[in-house]
> 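Before I ask anything, here is the structure I am working with.
Hydrogens, waters and symmetry mates are skipped; everything else that's a heavy atom, side chains included, is used.
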Amino acid sequence: MAERVEQRLEDRIPELEQLERVGLFTRKEIRAVLRKASALEYKIQRRALRKEDFINYIQYEVNLLELIKKRRARIGYSFKKDEIENSILHRVHCLFKRATGKWKVDIQLWLSHVAFCKQWNAKHELSKVFSSLLAIHPNKPALWIMAAKWEMETRLSSESARHLFLRALRFHPECPKLYQEYFRMELMNAEKQRKEKKVFEQAKMNLGEFSYPEEILNGEMARIIYRDAAQKIKGAEFHLAVLSIAKLFDFTQDLQKEILERQGVFSLQTRYADDPLTWDYMARRELEMESKQSTEQTTKQMKITEMTQREERCCAVFEEAVGAVPTEDMWKCYITFCVERYNRKTNSQGLKQKRLERTLSVFSKAHESSLLSEALYKQWVQLLLESSQFEKATEVAAAASKRFSQSVETWQMRLQVMIQLKSDDVTQCFEEAIKHVKSQGALPLWTLWVEWSEGTNSKEDTEALYQRSLQATTPAESVTMKELYLDWTYRNGGYKKVKKVFTSLCENRPFSLDFFKKMIQIEKEQESCKMLHLREYYERALREFGSTGSELWLDYIKEELSHPQGKPENCGSIHWRAMKMLQGDLVEDFVSKYTLLQAGH
């Protein structure tokens with residue numbers, strides 16, 4: 001191993017000599033580099049290799065490259081790059097190869113090598129990296145796309161990119177993203193060739209050996225990809241994604257028609273006429289339609305009128321859609337459009353009001369059709385509250401809780417609306433909610449109820465409600481109610497009262513660690529804080545959490561050491577019990593912290 005390390009260090013000497021000779025590094029710095037390199041080399045020559053050692057070595061070499069780059073810029077010296085930088089780059093590539101060879105499944109390591117190659121413009125090396133990476137990880141479409149994009153955009157090789165996409169599709173014949181990016185690449189290639197041809201024609205140059213086939217220029221390759229994909233990939237979402245890509249190019253009108261209109265065998269309107277996404281696209285397309293008015297001397301009012309007309313045309317298509325496809329998803333598309341338009345900024349109050357009325361009307365129609373989802377009821381209520389239609393908001397919240405009578409979230413929404421509007425029927429509504437909702441999962445309703453009661457009802461009523469909640473919730477959820485009850489009792493009844501409540505609550509498991517910590521904190525806040533009481537609380541807590549709470553044991557020991565009534569001689573006994581009860585790695589953690597604690601005292 002030592003001989004190998006020595007050889008590696010000797011291989012560095014020519015580049016280090018050059019660094020010193022040209023004045024980029026001092027002799028002292030060269031020695032420091034050799035020392036560091038020696039330490040790093042020894043780490044990666046061991047039998048038990050660690051990934052972190054390779055990463056640290058690579059990072060050191062990258063930092064060295066960056067430092068050389070800065071020093072070159074500072075002194076204005078740009079020669080001898082072959083002898084200096086290229087030598088370091090070669091070493092980094094070798095380190096990456098060894099690391100990725102050892103830890104083949106670590107994608108992040110591969111991507112770090114890719115990023116390094118891109119940063120230092122190592123195109124030839126990056127081709128080899130992608131080749132190795134895809135041979136080992138052919139099951140990841142994103143890597144194929146990354147490699148193909150690099151071939152197309154950096155190496156300007158559409159042939160190589162096409163070859164990669166075709167290979168990728170053999171592994172992933174039904175991957176929508178691969179088809180989309182392949183489709184995009186062919187359109188980019190067509191656009192590039194169209195621009196090249198135009199430049200040649202403008203310069204009146206003879207095209208000679210340059211060939212620009214008409215089918216390539218018109219995006220015929222992309223059309224073939226689309227048709228092939230349309231036979232394998234189902235759903236309107238893919239077609240819309242491809243259509244949005246085609247719209248980025250100004251020579252694809254015919255292709256867009258084929259994707260969208262009924263004439264195309266695989267078109268959206270032919271195969272997915274009942275898909276809400278198809279209707280959503282068709283409706284929103286009305287917003288993009290060109291105005292028939294003259295663009296000259298367009299006044300502000302004319303623009304508002306034009307926008308209103310466009311939105312009405314969209315809504316006309318949506319109205320047709322909810323008639324043809326009466327589903328929750330279709331209404332959701334319609335409502336989402338209306339809400340988006342309402343949320344758009346406008347200086348016209350008239351347009352804003354019209355958008356609000358339209359949105360509320362669509363919500364109402366969906367509700368009447370019994371096709372409004374739970375989430376959209378919440379959105380409707382929120383919009384009504386924002387527009388100060390409080391009575392209607394209460395009515396809608398009630399309708400929602402009737403339709404989704406077992407949903408905690410819906411009852412919570414209704415109750416919050418009633419509390420916000422200071423309704424007289426809040427208690428009655430809470431009772432109704434608890435009847436309909438299963439006890440498991442009802443915790444949010446109980447916490448809301450006691451919180452409201454604290455600010456509204458008498459202490460007696462609130463305490464009775466807390467006690468009722470402990471019986472009504474599941475054991476796991478009652479843990480939270482116990483914490484809240486303890487906290488409320490201390491705030492409203494004082495120390496003596498909270499001590500009684502704590503004792504009574506301790507009779508019924510389960511508990512949380514915070515429940516005991518809260519009582520310990522309350523005791524410590526008293527002027528006459530008694531160690532006897534603290535011991536009782538710690539002992540109760542340790543009975544429940546002694547096997548997992550290393551911090552609890554340490555806090556107990558600290559209390560014995562620092563409290564005026566504490567008994568430091570008890571610490572040994574507590575330590576012995578902790579060692580017996582704690583499990584696994586917690587013992588080691590406890591011992592190290594206990595040692596530090598002893599040292600501090």
> So, His239 versus Tyr281, ring centres under 6.0 angstrom or not?
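No, ring centres 6.0 Å or more apart.
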> Can you name the side-chain contact (heavy atoms from CB on, under 4.5 Å) partners of Gln253, sequence neighbours left out?
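Residues passing side-chain contact (heavy atoms from CB on, under 4.5 Å) with Gln253: none at all.
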> Between Cys429 and Arg414, which heavy-atom pair has the shortest distance, and what is it?
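That would be SG-NE, 3.7 Å.
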> So, using side-chain contact (heavy atoms from CB on, under 4.5 Å) as the criterion, who are the partners of Glu544 when residues are at least two apart?
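With neighbours one apart ignored, the set is Arg509, Phe511, Phe516.
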> Considering residues at least two apart in sequence or located in another chain, which fulfil the salt bridge (Lys or Arg N to Asp or Glu O under 4.0 Å) criterion with Glu551?
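Checked Glu551 against salt bridge (Lys or Arg N to Asp or Glu O under 4.0 Å); matches are Lys593.
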> Show every salt bridge (Lys or Arg N to Asp or Glu O under 4.0 Å) that has at least one partner inside residues 384-400, sequence neighbours left out.
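Sorted pair list: Lys392-Glu395.
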> Test of understanding: with side chain to side chain donor-acceptor pair (under 3.5 Å), list the residues that count as partners of Gln526, not counting sequence neighbours.
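For Gln526, the residues satisfying side chain to side chain donor-acceptor pair (under 3.5 Å) (neighbours in sequence not counted) are Tyr490.
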> So, for Ala246 and Thr252, which heavy atoms are closest and what is the spacing to 0.1 Å?
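Result for this residue pair: O-OG1, 2.6 Å.
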> Which residues pass the side chain to side chain donor-acceptor pair (under 3.5 Å) test with Lys140, not counting sequence neighbours?
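Counting only residues at least two positions away or on another chain, Lys140 forms no side chain to side chain donor-acceptor pair (under 3.5 Å).
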> Which pairs with one or both residues in residues 541-566 pass ring-ring contact (aromatic ring centres under 6.0 Å, His included), sequence neighbours excluded?
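Non-adjacent pairs meeting ring-ring contact (aromatic ring centres under 6.0 Å, His included): Tyr538-Tyr556.
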> Whether Lys352 and Glu357 form a salt bridge (side-chain N of Lys/Arg under 4.0 Å from carboxylate O of Asp/Glu) is what I want to check.
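No.
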> What pairs of donor and acceptor atoms, side-chain ones from residues 435-450 against any protein atom, are under 3.5 angstrom apart with sequence neighbours left out?
| unit_1 | atom_1 | unit_2 | atom_2 | d |
| --- | --- | --- | --- | --- |
| His436 | ND1 | Glu432 | O | 2.9 |
| Thr447 | OG1 | Leu443 | O | 3.2 |
| Thr447 | OG1 | Pro444 | O | 2.9 |

> Any ion pair linking Glu454 and Arg491 (charged N to carboxylate O, less than 4.0 Å)?
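Counted as a salt bridge, because a side-chain N and a carboxylate O are separated by less than 4.0 Å.
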> Do Arg535 and Glu560 come close enough that some side-chain heavy atom pair is under 4.5 Å?
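A side-chain contact under 4.5 Å exists here.
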> Show every salt bridge (Lys or Arg N to Asp or Glu O under 4.0 Å) that has at least one partner inside residues 461-477, sequence neighbours left out.
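Checked against salt bridge (Lys or Arg N to Asp or Glu O under 4.0 Å) - neighbours excluded - the pairs reaching residues 461-477 are Glu431-Arg468, Glu463-Lys497.
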> Are more than 12 heavy atoms, taken from residues, nucleotides or ligands other than Lys234, located less than 6.0 Å from that residue's NZ atom?
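Above 12, so yes.
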> Work out which heavy atom in Ser387 is nearest to a heavy atom in Leu356; give both atom names and the distance.
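Closest heavy-atom pair between Ser387 and Leu356: CB-CD2, 3.9 Å.
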> Kindly state whether the ring of Trp279 and the ring of Phe318 have centres lying under 6.0 angstrom apart.
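No - the distance between ring centres of Trp279 and Phe318 does not fall below the 6.0 Å cut-off.
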> Aromatic ring centroids of Tyr179 and Tyr226 under 6.0 Å?
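That pair fails the under 6.0 Å test.
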> Which atom pair, heavy atoms only, marks the closest approach of Arg271 to Ala230?
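For Arg271 and Ala230, the tightest heavy-atom pair comes out as NH1-O, 2.5 Å.
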> For Cys315, enumerate each residue passing the side-chain contact (heavy atoms from CB on, under 4.5 Å) test, keeping only those at least two apart in sequence or located in another chain.
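Listed in chain order: Tyr334, Phe337, Arg358.
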> Applying side-chain contact (heavy atoms from CB on, under 4.5 Å) between Lys354 and each of Glu311, Glu312, Arg341, report the one that passes.
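With Lys354 as partner, side-chain contact (heavy atoms from CB on, under 4.5 Å) holds for just one option, Glu312.
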> For residues Phe390 and Ser388, determine if any side-chain heavy atom of one lies less than 4.5 Å from a side-chain heavy atom of the other.
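Yes, side chains in contact.
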> Is a donor from one side chain sitting under 3.5 angstrom from an acceptor on the other, for Glu483 and Ser512?
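A donor-acceptor contact under 3.5 Å links the two side chains.
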> Within a strict 4.5 Å, meaning less than it, do heavy atoms of the Arg543 and Arg540 side chains meet?
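With C-beta onward as the side chain, the pair touches.
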> Would you mind reporting whether Trp452 and Asn457 have side-chain heavy atoms less than 4.5 Å apart?
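Counting from C-beta outward, Asn457 and Trp452 do come under 4.5 Å.
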> Would you call Glu306 and Arg310 a salt bridge, taking side-chain N to carboxylate O under 4.0 Å as the test?
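The answer is yes: the pair qualifies as a salt bridge.
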> Got a sec, which pairs hit ring-ring contact (aromatic ring centres under 6.0 Å, His included) with one end in residues 338-363, sequence neighbours left out?
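Qualifying pairs: Phe363-Trp380.
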> For Glu368, check side-chain contact (heavy atoms from CB on, under 4.5 Å) against everything at least two apart and list the hits.
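Glu368 satisfies side-chain contact (heavy atoms from CB on, under 4.5 Å) with Ser364 once adjacent residues are dropped.
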> Evaluate whether atom CG of Asn139 has more than 12 neighbouring non-hydrogen atoms of other residues, nucleotides or ligands under 6.0 angstrom away.
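Yes, CG of Asn139 has more than 12 neighbouring heavy atoms, counting only those of other groups under 6.0 Å.
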> Is a salt bridge present between Arg284 and Asp280, judged by a nitrogen-to-oxygen distance below 4.0 Å?
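Salt bridge: yes.
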